[in-house]
Structure formats: structure tokens, C-alpha cells
Amino acid sequence: QVQLVESGGGLVQAGGSLRLSCAASGRTFSSYAAGWFRQAPGKEREFVAALSWSGGRTSYVDSVKGRFTISRDNAKNTVYLQMNSLKPEDTAVYYCAARPYGTLPLDRATMYDTWGQGTQVTVSS
């Protein structure tokens, strides 16, 4: 099993950008699919994006399509979430998740068996 640590969160103005990183340690991460979820106060955890273990396929929730990009660098055992044109409604704690292999869209939290601790993203208007 891998361990995940997120970083890159922070405070940004609407229209700005952030890049989240999810560093994996432990077993070979290249055989793991990865996803990003977010949870705003008082709301359920929401799927944001997922990336196949090969890195060749991606899936996104409609609200972030065209603004967010998920990618991975297996040499660095790291998955990224590039977030552009941020909106106040993107404010949430963002969580990285992983699971061995799997078939996209992998858009439900129950599909993952490993989670990071989360990183706060706050977008001011």
C-alpha cells in the first residue's frame, strides 16, 4: 500500500491558479490510479478528477472541465492537479486518493483505498 501527502493549497483570488501535488511513498505508484476529491464545509466529499494508472485517461466533474488538469510524474511518484480560473465555489479541502489499477471514471470515494490528509484551498472573491 502507498502513503499519500498533499501540498500546494493556499489562499488565492478568484481567477487565479494553484497547483496541488500528491506525493506517494511505499509501493510502486505507477500501477495505481489516482483521484482528487474535495469537501467544502457542511457538504459531502465531491469527486473532482481521476487519472488512470497508465496516465493515458482522465475524467473530471463537469464543474471543473476546461479549468483543472490532472497529471502524473511516475519518476517522482507524484500526481498533480493544476487549477486555473479558480472560483470561490472551488473553496474546499482537497484530498488525493489512490487505488491499484482500476477503470475510469473512478468517480466515487468508495472506489479508493488510500487517502491523503487533505490540503485547504481558499478562493476569495
Side-chain angles (χ1 to χ4, degrees):
Q1 190 169 352
V2 299
Q3 293 80 44
L4 306 174
V5 178
E6 301 100 331
S7 62
L11 173 64
V12 64
Q13 289 189 332
S17 298
L18 282 174
R19 187 177 78 159
L20 305 183
S21 298
C22 174
S25 61
R27 301 188 65 179
T28 304
F29 191 54
S30 59
S31 61
Y32 279 69
W36 287 94
F37 289 74
R38 64 187 180 187
Q39 188 165 19
K43 295 188 177 181
E44 293 186 354
R45 191 166 296 191
E46 175 191 35
F47 168 75
V48 176
L51 180 66
S52 64
W53 64 272
S54 66
R57 295 188 63 197
T58 58
S59 61
Y60 298 92
V61 68
D62 286 346
S63 60
V64 308
K65 285 181 179 177
R67 299 189 299 123
F68 292 10
T69 302
I70 187 172
S71 62
R72 69 192 302 159
D73 184 339
N74 285 338
K76 296 182 178 179
N77 275 2
T78 301
V79 173
Y80 302 99
L81 185 67
Q82 177 68 43
M83 304 185 296
N84 299 328
S85 302
L86 282 161
K87 305 175 180 180
E89 51 263 44
D90 295 318
T91 295
V93 177
Y94 282 70
Y95 297 90
C96 176
R99 57 158 292 149
Y101 299 107
T103 302
L104 262 57
L106 292 176
D107 56 357
R108 286 179 285 175
T110 53
M111 295 175 172
Y112 296 85
D113 54 18
T114 304
W115 291 83
Q117 83 289 351
T119 184
Q120 177 70 47
V121 171
T122 303
V123 184
S124 63
S125 57

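Atom set for the values below is all heavy atoms of this structure, side chains included, hydrogens, waters and symmetry mates excluded.
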- line: Between A50 and L106 the two heavy atoms that sit nearest each other are CB-O, 4.0 Å
query: With side chains defined as the heavy atoms from C-beta onward, is the minimum distance between Y60 and R67 less than 4.5 Å?
result: no
- prompt: Q117 versus V5: any side-chain heavy-atom pair under 4.5 Å?
  reply: yes
task: Examine the side chains of R38 and Y94 and answer whether a donor and an acceptor come within less than 3.5 Å of each other.
output: yes
- prompt: Is K87 paired with D90 through a side-chain N to carboxylate O contact shorter than 4.0 Å?
  reply: no
- prompt: Under a 4.5 Å cut-off applied to non-hydrogen side-chain atoms, are F68 and V61 in contact?
  reply: no
Flag side-chain contact, heavy atom, 4.5 Å: Y32 against W53: no
task: Identify the two heavy atoms, one from S17 and one from N84, that lie closest to each other, and give their separation to 0.1 Å.
output: OG-OD1, 2.9 Å
field: V123 and E89, any side-chain heavy atoms less than 4.5 Å apart
entry: no
- prompt: Looking at side-chain heavy atoms only, is the closest gap between W115 and R45 below 4.5 Å?
  reply: yes
statement: Correct closest heavy-atom pair for S71 and L51 would be C-CD2, 3.5 Å
- line: In short, M83 meets L20 closest at the heavy-atom pair CE-CG, 3.7 Å
query: Going hydrophobic residue to hydrophobic residue with side-chain gaps under 4.5 angstrom, can you get from Y80 over to V93?
result: no
- request: Kindly give the heavy-atom pair with the smallest separation between S21 and T78, and that separation in Å.
  value: CB-CG2, 4.2 Å
- line: Heavy-atom nearest pair, Y95 first then E6, reads CA-OE2, 3.3 Å
query: Going hydrophobic residue to hydrophobic residue with side-chain gaps under 4.5 angstrom, can you get from Y112 over to F29?
result: yes
message: Less than 4.5 Å apart, side chain to side chain, heavy atoms only: is that true for I70 and S59?
response: no
